[in-house]
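Every number for a ligand or one of its atoms is a count from 1 in the order of the listing. Computed from a predicted model, the values in this text were never measured in an experiment.
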Amino acid sequence: MKINNRYSPNFDKKKRSINSIKIIVIHYTGMQSERESLDKLSNPKSKVSSHFVINRNGKIYRLVQDHQVAWQAGKSCWGKYKDINKNSIGIELVNKGHQFGYTSFNKKQLSSLIKICKNLIKKYKIKKRNVVGHSDIAPLRKIDPGEKFPWKQLAKKNIGIWYSHKLSLLRKFRKVKIFTKEDKAKFVKNLNNIGYCFSTKNKSFFIKTIKAFQRHYRKELINGLVDKECLIIAQNISKKL
Ligand SMILES: [Zn+2]
């Protein structure tokens with residue numbers, strides 16, 4: 001795997017222990033071009049970076065070394081981890097994003113991503129449950145890598161978790177309302193189990209968390225409403241943890 005160094009100064013001065021690396025965060029750059037993205041991620045004024053950037057041809061850049069804390073996740077939370085920068089490796093995929101023209105991730109880009117992820121998972125013993133999107137760990141602020149990101153395809157390569165039900169079977173439960181308190185409580189519990197951090201008391205926070213879950217696991221309908229399909233998916237993933 002060829003990696004091109006293009007270092008960014010945007011990381012904590014204090015090195016971290018390799019043992020603290022537990023999570024992989026996947027992003028899209030959300031900017032007009034590859035060059036603009038690389039410039040921003042390595043400009044000291046921007047104060048943002050990422051460990052890796054993968055362009056649309058699958059070319060991999062290393063901006064920050066693994067043992068340094070890159071400034072990529074911002075305010076974020078996943079399970080017991082409350083400051084994700086400290087515990088994660090960030091990977092940016094060049095994509096214009098929702099703001100400038102969101103496109104599908106192509107084969108070459110994904111094949112490089114899969115290679116890096118496999119490598120990192122092996123090296124740092126990262127659990128399947130801890131391969132996440134930026135939107136999963138910061139649902140209030142972020143929607144990247146977005147609904148076009150092929151989580152299912154990655155899960156087939158043992159990167160991240162996917163449910164075992166068939167989509168055609170699940171489809172019947174889409175938009176089917178759940179009424180009982182028990183079902184609602186179950187969904188909340190499963191969402192928590194999976195790793196999502198939220199409070200049901202804060203309604204807009206909760207809706208955005210549901211949307212993040214849907215963007216990841218049920219991209220066909222991202223409406224922030226819990227239906228039976230969402231309930232079944234969350235339950236199934238929860239069982240696999
Ligand atoms: Zn991001």
Side-chain angles (χ1 to χ4, degrees), residues 6 8-12 21-56 59-64 66 68-79 81-106 109-110 112-114 116-117 120 126 129-151 154 159-160 194-198 205 208-217 219 222:
R6 195 188 191 282
S8 163
N10 300 335
F11 56 83
D12 286 357
I21 300 172
K22 305 285 184 194
I23 301 169
I24 294 175
V25 183
I26 296 169
H27 305 258
Y28 68 44
T29 50
M31 278 178 263
Q32 291 282 14
S33 68
E34 174 187 339
R35 175 173 306 171
E36 197 186 323
S37 308
L38 285 167
D39 284 350
K40 188 176 176 189
L41 293 167
S42 51
N43 183 339
K45 282 184 193 153
S46 77
K47 298 195 185 327
V48 290
S49 63
S50 149
H51 293 91
F52 298 99
V53 174
I54 306 174
N55 80 6
R56 296 192 60 85
K59 186 172 177 184
I60 304 167
Y61 297 95
R62 185 200 301 278
L63 276 65
V64 176
D66 294 359
Q68 306 282 13
V69 174
W71 300 339
Q72 36 107 14
K75 191 174 160 32
S76 51
C77 170
W78 187 248
Y81 303 103
K82 311 291 179 207
D83 180 3
I84 305 300
N85 276 342
K86 289 205 167 87
N87 298 102
S88 68
I89 296 268
I91 305 174
E92 290 271 0
L93 301 171
V94 171
N95 191 308
K96 289 184 182 181
H98 293 80
Q99 204 181 342
F100 300 111
Y102 188 35
T103 44
S104 292
F105 299 92
N106 67 41
Q109 199 174 25
L110 291 170
S112 293
L113 175 69
I114 289 167
I116 295 191
C117 285
L120 294 170
I126 292 168
R129 62 188 297 164
N130 289 340
V131 180
V132 296
H134 200 186
S135 54
D136 294 314
I137 59 164
L140 273 180
R141 304 181 294 116
K142 296 291 175 181
I143 56 170
D144 65 308
E147 61 281 358
K148 290 185 199 284
F149 186 79
W151 290 107
L154 260 74
I159 303 164
I194 294 168
Y196 291 95
C197 305
F198 60 93
F205 193 172
K208 285 191 170 162
T209 306
I210 297 168
K211 282 189 178 172
F213 169 81
Q214 292 171 333
R215 198 164 266 123
H216 190 135
Y217 294 106
K219 58 179 104 189
I222 302 163

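For H134, the N/O/S atom at the shortest distance from the Zn ion (ligand 1) is named ND1. Counting just the N/O/S atoms of H27, the one with the shortest distance to the Zn ion (ligand 1) is named ND1. Distances from the Zn ion (ligand 1) to the N/O/S atoms of D144 are shortest for OD2.
For the 3.5 Å distance criterion, the side chains of S88 and Q72 qualify, holding a donor opposite an acceptor.
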request  = Show your working on side chain to side chain contact (heavy atoms under 4.5 Å, CB included) between K96 and M31 and close with a plain yes or no.
outcome  = CA-CA 5 Å; K96 289 184 182 181; M31 278 178 263; over 6 Å; no
ask   = Can D144 and R215 be said to form a salt bridge (Lys or Arg N to Asp or Glu O under 4.0 Å), step by step?
value = CA-CA 9 Å; D144 65 308; R215 198 164 266 123; over 6 Å; no
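Taking the six-membered ring where the residue is Trp, Y102 and F105 present perpendicular rings, their angle passing 60° and hence far from 30°.
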